[in-house]
Protein chains: 4
Amino acid sequence: MLSARQQQILEASIELIDKHGIQGFTIKNLSKKIQISEPGIYRHFESKFDILDTIMDIFKQRIQDYHKFLNDPNNKPEVRIRNFFDTVLKAFCKNPAFASVIFSEEIFQNEEKIIQKIREIQEMNAGIMRELILEIQAGNGQHNNIDPDLINSVLFGSVRFLVRQWKANKYDFDLRAKGNELIGVITNTMIIRPANQ
Amino acid sequence: MLSARQQQILEASIELIDKHGIQGFTIKNLSKKIQISEPGIYRHFESKFDILDTIMDIFKQRIQDYHKFLNDPNNKPEVRIRNFFDTVLKAFCKNPAFASVIFSEEIFQNEEKIIQKIREIQEMNAGIMRELILEIQAGNGQHNNIDPDLINSVLFGSVRFLVRQWKANKYDFDLRAKGNELIGVITNTMIIRPANQ
Amino acid sequence: MLSARQQQILEASIELIDKHGIQGFTIKNLSKKIQISEPGIYRHFESKFDILDTIMDIFKQRIQDYHKFLNDPNNKPEVRIRNFFDTVLKAFCKNPAFASVIFSEEIFQNEEKIIQKIREIQEMNAGIMRELILEIQAGNGQHNNIDPDLINSVLFGSVRFLVRQWKANKYDFDLRAKGNELIGVITNTMIIRPANQ
Amino acid sequence: MLSARQQQILEASIELIDKHGIQGFTIKNLSKKIQISEPGIYRHFESKFDILDTIMDIFKQRIQDYHKFLNDPNNKPEVRIRNFFDTVLKAFCKNPAFASVIFSEEIFQNEEKIIQKIREIQEMNAGIMRELILEIQAGNGQHNNIDPDLINSVLFGSVRFLVRQWKANKYDFDLRAKGNELIGVITNTMIIRPANQ
DNA sequence: AATGAATGAGACTTCATTCAT
DNA sequence: TATGAATGAAGTCTCATTCAT
């Protein structure tokens, strides 16, 4: 569906955003990076916006695939939560630029349609997590359960924070290990065995 | 130290970044907002970068003041943690634009010096929190204490996440209340009474 | 002489100019309209200019044909004038895009060769009209005859004006009827029975 | 109201359109013509469209002034008609570029707002002429009066045609003399003493 | 006969900044 | 303290056309 050139353009765009922010993502920089003239880009994408839009579509699709793939009813919900985050962390380790783009709605000011797509991804994630959290809470019969939305803020907020640190520190620690530890602690303390509030 | 005009320029800059992102922070927009000519700006700041730089200095100073002010040895460490976050949340509620700027290092790609300042603020915060966490952990004599850095990621990451949600939802919930609840839950479950890992 | 594709290209070009002006007549628009690739156009015409040039040739030929066909010596000159304009008006009604292109030398600035062809058409028309006018004037023996060139300006200028109005008003009146009335009035008042000047 | 620079830009724009058509009216050409950088233009006009728009406003104002000035009730309507056209023809002779721009709605395809303004000017002209024609027709008590709209088409259409010829022939005849003759003939034959139809 | 890929030239416009006043 | 005028660099994008296939 996407030509080799189109994929190359998308990859180069992601890298550009990763390394130099949205302000570094210019048609000029992009064309230089893939050794093509500026108008050449427009043979493959209608506009700069179209490139961004396609990137977001791909991300959304990929994360949907993760959910589908990991949604094995034979697994306990806490395992599913861990698997999801592990998969995502693995993906970030493999291609750190993804993280920069997907966690960067601040970057896409003025691009309402792009922000919308990022929001959709987040809501999809949050919705699935909420189900799993409720399932665990229903199962463990405790009376001091914590609001799943609050837990969601903690889960996604702290992973995000960790990834940002990872990038700021030039990837000098093992994101996957630290991330999984983080998720494990949160799951244990806030979902499975929450302290009395 | 700062003239009235300078303060006006800084405020207008923060609002501009808040509302339209770094891309909306242009000398033209700024001069329009404060009803001055474009060259007029340069009477008060050497460059656009200088404005950003000064903003960061002010933020850093303000947060240092918070810490100094709240660091009352008569208060228990958990109270001090709560007080700090409550103060910050209160400040955000009073002036939501602050939040947009201080949580936006993604925005300042290419501006190494600005990023450096943001990092200093974060490290100051993290350092003080670490002390307080260790103090609590030392006091409650448990053996299953959680790494203070991990807790820091959770504290700052989730507050940040909440603030972002608050802004995305057009400030339609009580940030201070939800934020304090969040900090309370994290403090309880992860610092004071951590579950067995 | 012209292949089917060539004719298709010419028609599409005329329509494009009619609807969107010379600025809308681009190879991209043209290729989109006839469902062919952009380079595909160049299989059939050497250049964009060549397309325009061919259009003008066709127009010139067609009008020459009209004159030849209508130049029946059995008809009185005033009838021949009326027949010519009626034929032209009929052609415009059948294909309004013709009018846009043939009356648009303003559009072809910089294209000296094209302008030249339009001028040739006009001179041919004017020359034939002049003959017919002189014939009438010679026949009616009046002493207050009007300069045939002036009459030509009136004939062609007002028809042109009417066609422009017709287009501006989205073809909402009967061009042929109004045009014939116009020509009738002009012929009557200025050629056949001119008032004393 | 308009600065010297703005007037210079407007004049240069009109000349550019006159000599090279709308396609020659580019910011680059304009800036070259008045010896300024391209961005320099934008200190004086918001956009290219804004320049065109201002030109049309000026034209409209000027023609309104003509009408006001010439509308002397002491003059007979046929004199007023002649005066109006004489004034316009004089203006064209003084600044031939005006004519190119004002008679060029074909040129402004896609610029709906500009076309609208040209149309307003034309309607204003037509409306005033219609009144004067009716006044004459009412006065001369004839029964074979010609539709004033038809006469309008003849008046404006033939003047326009004459001006176009004048330009095509590089201003090699006396437009004012020929134009006044034309108007005189039309007024005589079609308004004052129309032949029986 | 047709096309996918490419491009140099150039379109309009915005940017941060400077200079003379 | 302020500004009107200016600009080089860069932004996104369109143009007619060419070339290899």
Side-chain angles (χ1 to χ4, degrees), chain A residues 3-6 8-9 22-32 34-52, chain B residues 3-6 22-32 34-52, chain C residues 3-6 9 22-31 34-52, chain D residues 3-6 8-9 22-32 34-52:
Chain A
S3 71
R5 243 322 183 215
Q6 281 179 316
Q8 189 193 18
I9 290 172
I22 203 70
Q23 316 219 56
F25 173 42
T26 67
I27 296 291
K28 191 173 240 165
N29 286 350
L30 185 54
S31 62
K32 224 177 291 170
I34 65 172
Q35 305 263 61
I36 198 183
S37 71
E38 293 178 46
I41 304 282
Y42 291 85
R43 286 281 144 195
H44 305 281
F45 287 95
E46 275 192 3
S47 66
K48 191 178 151 180
F49 174 85
D50 192 26
I51 297 176
L52 235 34
Chain B
S3 71
R5 257 296 196 233
Q6 281 178 316
I22 202 70
Q23 316 221 55
F25 174 41
T26 68
I27 296 292
K28 193 177 192 177
N29 286 350
L30 186 53
S31 64
K32 222 180 293 167
I34 64 174
Q35 307 262 57
I36 200 182
S37 72
E38 295 172 52
I41 304 281
Y42 290 85
R43 279 281 138 197
H44 306 282
F45 287 96
E46 273 191 4
S47 67
K48 192 178 149 180
F49 173 85
D50 192 24
I51 296 174
L52 239 31
Chain C
S3 70
R5 257 295 196 234
Q6 280 178 316
I9 289 172
I22 202 69
Q23 317 219 55
F25 174 40
T26 67
I27 297 292
K28 194 177 190 175
N29 287 350
L30 185 54
S31 63
I34 64 175
Q35 307 263 57
I36 200 183
S37 73
E38 295 173 50
I41 303 283
Y42 289 85
R43 279 281 137 198
H44 305 283
F45 288 96
E46 272 191 6
S47 66
K48 191 179 149 178
F49 172 84
D50 192 25
I51 296 175
L52 238 31
Chain D
S3 70
R5 236 334 176 213
Q6 280 178 317
Q8 188 192 19
I9 289 172
I22 203 69
Q23 316 219 56
F25 172 41
T26 68
I27 295 293
K28 190 175 239 163
N29 286 350
L30 185 54
S31 63
K32 225 179 288 168
I34 65 171
Q35 305 263 59
I36 199 183
S37 71
E38 293 180 47
I41 305 281
Y42 290 85
R43 287 281 144 195
H44 305 281
F45 286 95
E46 274 191 4
S47 66
K48 190 180 154 180
F49 174 85
D50 191 26
I51 297 175
L52 236 35

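Atoms considered below: every heavy atom in the structure, side chains included; atoms not considered: hydrogens, waters and symmetry mates.
Rounding to whole angstrom units, CZ of residue F45(D) and P of dC12(E) are separated by 15 Å. Per the geometry, CD1 belonging to I9(A) stands 14 Å off P belonging to dT12(F), to the nearest Å. Look at CD1 on I22(A): it is 14 Å from C1' on dT12(F), rounded to the nearest Å. Rounding to whole angstrom units, NZ of residue K32(B) and P of dA2(F) are separated by 19 Å. At whole-Å resolution of the value, CD1 in I36(D) and P in dT7(F) are 6 Å apart. For L52(A) and dG11(F), the CG to C1' distance is 15 Å, given to the nearest whole Å. Atom CD of Q35(C) and atom P of dT3(E) are 10 Å apart (whole Å). Between the P atom of dT14(E) and the CG atom of L30(B) lies a distance of 17 Å, rounded to the nearest Å.
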Can you check each nucleotide of nucleotides 14-21 of chain F against protein heavy atoms at under 4.0 Å and return B for base, S for sugar-phosphate only, - for none, in 5' to 3' order?
-> BBBBBB--

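By the side chain to side chain donor-acceptor pair (under 3.5 Å) test, E46(A) is found to be paired with no residue, residues two or more places apart in sequence or in another chain being considered. The side-chain contact (heavy atoms from CB on, under 4.5 Å) search around Y42(A) returns I27(A), not counting sequence neighbours. The side-chain contact (heavy atoms from CB on, under 4.5 Å) check on S3(A) picks up R5(A), Q6(A), H44(A), with sequence neighbours excluded. The salt bridge (Lys or Arg N to Asp or Glu O under 4.0 Å) test applied to E38(B) returns R43(D), not counting sequence neighbours.
Atoms CZ and CD1, from F25(B) and I51(B) in turn, are 4.5 Å apart once rounded to the nearest 0.5 Å.
Considering all non-hydrogen atoms of both residues, I34(C) and I41(C) come closest at CD1-CD1, 4.0 Å. The nearest pair of heavy atoms linking T26(B) to K48(B) is CA-NZ, 4.4 Å.
For H44(A), no side-chain nitrogen or oxygen approaches OP1 or OP2 of dG4(E) to under 4.0 Å.
Judged purely by atom type and a 3.5 angstrom limit, D50(A) has no side-chain atom pairing as donor or acceptor with the backbone of F45(A).
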How does DNA chain F read in dot-bracket, base by base from 5' to 3', with Watson-Crick or G-U pairs under 3.5 Å and | used when the partner is on another strand?
-> .||||||||||||||||||||

